[in-house]
Amino acid sequence: EVQLVESGGGLVQAGGSLRLSCAASGFILDDVAMGWFRQAPGKEREGVSCISGGDGSIYYADSVKGRFTISSDNAKNTVYLQMNSLKSEDTAVYFCANQCTVVAGTIWTPYDYPYWGQGTQVTVSS
């Protein structure tokens, strides 16, 4: 059974850093493309970053390029999102997913993706 458990969120001042973790079970990271997504209040969920388990290709949304870094530890079956230089507009609930793809520069997961976890809240105060 696929399970994804996000952690590491919190309250941080603008300019600060957080590292999110996504502990995965029920599958092997090497076999999938793992993604981070976020949803701010009143907005649709958006793709933040995607890392391919095969060739390790990495993609970022333009809004986080140069500030966020995605990585994976296959031994721990865990994916991380290091977030630096945080801005108030980064405030959202962050989710991970074991399916992601990039189309026309936008990171997507299937609209009926069934494995969303509870997410982890990131709040950036200005």
Side-chain angles (χ1 to χ4, degrees):
E1 180 186 1
V2 172
Q3 284 195 322
L4 300 163
V5 180
E6 302 92 345
S7 62
L11 173 63
V12 63
Q13 288 189 333
S17 298
L18 284 172
R19 188 176 83 152
L20 306 184
S21 299
C22 170
S25 59
F27 64 95
I28 298 173
L29 292 186
D30 266 347
D31 294 340
V32 301
M34 291 293 297
W36 281 99
F37 296 78
R38 66 186 181 186
Q39 188 165 19
K43 295 187 177 181
E44 292 189 354
R45 189 157 14 211
E46 64 171 347
V48 174
S49 184
C50 179
I51 181 169
S52 168
D55 61 9
S57 298
I58 291 175
Y59 305 90
Y60 296 101
D62 287 344
S63 58
V64 307
K65 277 180 185 175
R67 300 187 298 121
F68 289 12
T69 303
I70 191 171
S71 62
S72 64
D73 184 333
N74 289 352
K76 295 182 178 180
N77 228 40
T78 299
V79 177
Y80 303 97
L81 186 69
Q82 177 67 43
M83 306 187 298
N84 299 328
S85 303
L86 283 161
K87 306 176 181 179
S88 57
E89 51 263 45
D90 295 318
T91 294
V93 180
Y94 284 70
F95 303 87
C96 60
N98 69 345
Q99 295 181 50
C100 60
T101 188
V102 181
V103 179
T106 300
I107 299 168
W108 297 96
T109 197
Y111 79 96
D112 57 351
Y113 178 76
Y115 302 122
W116 295 113
Q118 83 288 351
T120 186
Q121 175 72 49
V122 172
T123 303
V124 184
S125 62
S126 56

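Along the sequence shown, the residues carry numbers beginning at 1.
Applying the disulfide bond (SG atoms under 2.5 Å apart) test to residues at least two apart or on different chains, none of the pairs has a partner in residues 60-92. Here disulfide bond (SG atoms under 2.5 Å apart) pairs that include residues 32-90, with residues two or more places apart or in two chains, are Cys50-Cys100. Pairs of residues two or more places apart, or lying in two chains, never qualify as salt bridge (charged side-chain N to carboxylate O under 4.0 Å, His left out) while including a residue from residues 93-116.
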Which atom pairs, one a donor and one an acceptor, fall under 3.5 Å between side chains of residues 11-28 and the rest of the protein, sequence neighbours left out?
from: Ser17; atom 1: OG; to: Asn84; atom 2: OD1; distance (Å): 2.9

Under 3.5 Å donor-acceptor pairs involving side-chain atoms of residues 42-49, not counting sequence neighbours:
from: Glu46; atom 1: OE2; to: Arg38; atom 2: NE; distance (Å): 2.6
from: Glu46; atom 1: OE2; to: Arg38; atom 2: NH2; distance (Å): 3.2
from: Ser49; atom 1: OG; to: Tyr59; atom 2: O; distance (Å): 2.9

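Applying the side-chain hydrogen bond (donor to acceptor under 3.5 Å, both in side chains) rule to Arg67 yields the partners Asp90; only residues at least two apart in sequence or on another chain are considered. Applying the side-chain hydrogen bond (donor to acceptor under 3.5 Å, both in side chains) rule to Thr109 yields no partners; only residues at least two apart in sequence or on another chain are considered. Looking at residues two or more places apart in sequence or on another chain, you find a side chain to side chain contact (heavy atoms under 4.5 Å, CB included) between Ser88 and Ser126. With sequence neighbours left out, the side chain to side chain contact (heavy atoms under 4.5 Å, CB included) criterion links Thr69 to Tyr60, Gln82. In this view, Tyr94 satisfies the ring-ring contact (aromatic ring centres under 6.0 Å, His included) rule with no residue, not counting sequence neighbours. Not counting sequence neighbours, the partners of Lys65 by the side-chain hydrogen bond (donor to acceptor under 3.5 Å, both in side chains) test are Asp62. Every residue two or more places apart in sequence or in another chain that forms a side-chain hydrogen bond (donor to acceptor under 3.5 Å, both in side chains) with Thr123 is listed here: Gln121.
Taken to the nearest 0.5 Å, the CD1 atom of Ile107 stands 11.5 Å off from the CD1 atom of Ile51.
Note on Leu4 and Trp36: same hydrophobic cluster, where clusters join Ile, Leu, Val, Met, Phe, Trp and Tyr whose side-chain heavy atoms are under 4.5 Å apart, directly or indirectly.
Summarising the local packing, CH2 of Trp116 is surrounded by more than 12 heavy atoms from other residues, nucleotides or ligands at distances under 6.0 Å.
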